[in-house]
Participant: 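Pasting a structure here, questions to come.
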Protein chains: 2
Amino acid sequence: MMAEGHPGGESLLFLTDEQLRKGIEAMFFAYRGFTADPDRILHDQGYGRAHHRAIHFINRSPGTTVNNLLTILGVTKQSLNRVLRALIEDGLVESRVGTRDKRERHLHLTEAGAALERELSTAQRARMRAAYRVAGPEAVAGFRMVLEAMMDPDMRRHFAALKEGA
Amino acid sequence: MMAEGHPGGESLLFLTDEQLRKGIEAMFFAYRGFTADPDRILHDQGYGRAHHRAIHFINRSPGTTVNNLLTILGVTKQSLNRVLRALIEDGLVESRVGTRDKRERHLHLTEAGAALERELSTAQRARMRAAYRVAGPEAVAGFRMVLEAMMDPDMRRHFAALKEGA
DNA sequence: CACTTTATGTCAGCCTTGTTGACATTCCAA
DNA sequence: TTGGAATGTCAACAAGGCTGACATAAAGTG
């Protein structure tokens, strides 16, 4: 296994099994940190990570349908429905029957839901901001590039759509 | 939002809420891709992500104790024990009583365990390698820097220890 | 030696969040 | 009018977290 060049330098240095393993472990440990703050907040309110995901994407795309959310989250409708039901009952999410297509439910955060969303995303953004500051802008660009390349193509599409949409 | 690109320059470009949100979403979607391949393999064998994590770190630090593993994985002993019991019963992991301290159990992969580890890590490394290739070496360095900065300090310590150890 | 602490394992029970399968309702569209 | 899509709901189940309680053996400490 000998190296050939790559725009930017010796790419092989980063493709040894050892380097790849370290990348894998970095993802594992970093994801734990990534979810730690919201998890704490949510646990205090009797919610879990699934509720966070729903709240995040409803906030991100107000009026999104249940089916859209299903696709983005990659879970079954039964699983999502359990979470949505709780959020609706607790008055954090509002489900409006579609006007054009009355089968669809359009989801919105209530003021209380938006408040929780702010609390969660403020905490999560703070950690992300701190990491970005430490690593610097060049690192951030690389970070985003690698993450995007790691996604499944379908998810990359959804991710890109969110980018433009919001 | 006026931005000029300047290497090492105005880091503020990367610290807008919008940029931070995109980073958060990128982590979410990328982690899904990151675990997708091992998840498929494991599901076929009746195992889950928890088994993968145990196998990974036992392979990474052969002879590690249950307590070490507990700390790194950040779960309760009951939870880990359930997983280890299955792996030991199935002949993928061997638990050896410590020689110096006979209370400790030192964990090793059997040949069968090592074979599964190779299968899992080959798949996961392939995805990582592909992402690295697309993004390029500079991006990889940034990726790793941001991930490390995102970890909780404790986990960063464990991560660093793994780096040197293996 | 007696006592305490540590490392591990195990039982029982609970929660969240995922799954499948079956079935009802509503309503758009061919 | 009929088929299919979108949604909701019920039931049952599994993985994998958690807590609490308890047991055992070994090591450390007075």
Side-chain angles (χ1 to χ4, degrees), chain A residues 28 31-32 35-36 38-58 63-90 93-108, chain B residues 28 31-32 35-36 38-58 63-90 93-108:
Chain A
F28 172 68
Y31 200 76
R32 285 252 295 276
T35 56
D39 279 356
R40 259 189 298 277
I41 295 168
L42 288 156
H43 186 262
D44 294 347
Q45 324 222 353
Y47 293 130
R49 219 173 273 181
H51 301 83
H52 184 191
R53 293 197 280 257
I55 288 172
H56 176 98
F57 286 108
I58 292 172
T64 188
T65 65
V66 173
N67 237 1
N68 280 343
L69 209 47
L70 234 39
T71 312
I72 284 180
L73 296 177
V75 298
T76 58
K77 63 175 178 172
Q78 293 89 334
S79 202
L80 175 59
N81 191 255
R82 192 197 289 133
V83 165
L84 283 181
R85 205 187 316 157
L87 292 173
I88 292 168
E89 273 170 16
D90 296 351
V93 167
E94 198 188 342
S95 168
R96 302 184 196 150
V97 173
T99 47
R100 224 185 42 196
D101 184 336
K102 292 177 189 166
R103 293 166 301 177
E104 294 179 342
R105 304 299 140 99
H106 298 275
L107 303 169
H108 299 263
Chain B
F28 171 68
Y31 200 77
R32 285 252 296 275
T35 57
D39 280 357
R40 259 190 298 276
I41 295 169
L42 287 156
H43 186 261
D44 295 347
Q45 323 222 353
Y47 293 130
R49 221 173 271 181
H51 301 84
H52 185 192
R53 293 195 281 256
I55 288 173
H56 176 97
F57 285 108
I58 292 171
T64 188
T65 65
V66 174
N67 239 358
N68 280 343
L69 209 48
L70 233 39
T71 311
I72 284 179
L73 296 178
V75 296
T76 60
K77 62 172 181 172
Q78 293 91 329
S79 203
L80 175 58
N81 191 257
R82 191 197 291 136
V83 165
L84 282 180
R85 206 188 312 159
L87 292 173
I88 291 168
E89 273 170 15
D90 296 351
V93 167
E94 198 188 342
S95 167
R96 300 181 197 154
V97 174
T99 48
R100 225 185 42 198
D101 185 335
K102 291 177 190 165
R103 289 171 305 179
E104 295 179 340
R105 302 301 140 94
H106 297 276
L107 303 169
H108 299 263

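Chain letters run A, B, ... following the sequence lines, proteins first and then strands; every chain starts at 1. Excluded from the calculations below are hydrogen atoms, water molecules and symmetry mates; all remaining heavy atoms, backbone and side chain alike, are included.
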Participant: Pairs in or reaching into residues 77-87 of chain B: which pass side-chain hydrogen bond (donor to acceptor under 3.5 Å, both in side chains), with residues at least two apart or in two chains?
Facilitator: B:N81-B:R85
Participant: Tell me, which of residues 76-85 of chain A have any heavy atom that sits under 4.0 Å from an atom in DNA chain C?
Facilitator: A:T76, A:Q78, A:S79, A:R82
Participant: Nearest 0.5 Å, please: how far is CD in B:E104 from OG1 in B:T64?
Facilitator: 9.5 Å
Participant: Out of curiosity, B:L107 CG to B:N68 CG, how far, rounded to the nearest 0.5 Å?
Facilitator: 9.0 Å
Participant: Can you list, by residue number, the residues of residues 63-73 of chain A that have a non-hydrogen atom closer than 4.0 angstrom to DNA chain D?
Facilitator: A:T65, A:V66, A:N67
Participant: I'd like a list of close polar pairs between nucleotides 25-30 of chain C and the protein, N/O only, cut-off under 3.5 Å.
Facilitator:
none

Participant: When you list every nucleotide of DNA chain D with an atom under 4.0 Å from a heavy atom of chain A, which one comes first 5' to 3', and which comes last?
Facilitator: D:dG4 to D:dC10
Participant: Just the table, please: protein N/O against nucleotides 1-4 of chain C N/O, every pair under 3.5 Å.
Facilitator:
none

Participant: Under 4.0 Å from any atom of DNA chain C, heavy atoms only: list the residues of residues 39-52 of chain B that qualify, in numerical order.
Facilitator: none
Participant: Starting at CG of A:D39, measure out to CZ of A:R49 and round the result to the nearest 0.5 Å.
Facilitator: 4.0 Å
Participant: Please enumerate all residues that pass ring-ring contact (aromatic ring centres under 6.0 Å, His included) together with A:H51, with sequence neighbours excluded.
Facilitator: A:Y47
Participant: Rounded to the nearest Å, what distance is computed from the CG atom of residue A:L87 to the C1' atom of nucleotide C:dT17?
Facilitator: 14 Å
Participant: Going by side-chain hydrogen bond (donor to acceptor under 3.5 Å, both in side chains), name the residues that satisfy it together with B:H43, two or more places apart in sequence or in a different chain.
Facilitator: none
Participant: To the closest 0.5 Å, what do you measure between NE2 (A:H106) and CZ (A:R96)?
Facilitator: 10.0 Å
Participant: Quick check for you: to the nearest 0.5 Å, what is the distance between A:H52 atom NE2 and A:I41 atom CD1?
Facilitator: 8.0 Å
Participant: With sequence neighbours excluded, what pairs up with B:F57 under the ring-ring contact (aromatic ring centres under 6.0 Å, His included) test?
Facilitator: A:F28, A:F29
Participant: Per the end-axis method with five pairs at each terminus, what is the bend angle of the helix from C:dC1-D:dG30 to C:dA30-D:dT1, to 10°?
Facilitator: 20°
Participant: If the condition is salt bridge (Lys or Arg N to Asp or Glu O under 4.0 Å), which residues does B:D101 pass it with, not counting sequence neighbours?
Facilitator: B:R103
Participant: Say you draw a straight line from CG of B:L84 to CD1 of B:I55; how long is it, rounded to the nearest 0.5 Å?
Facilitator: 10.0 Å
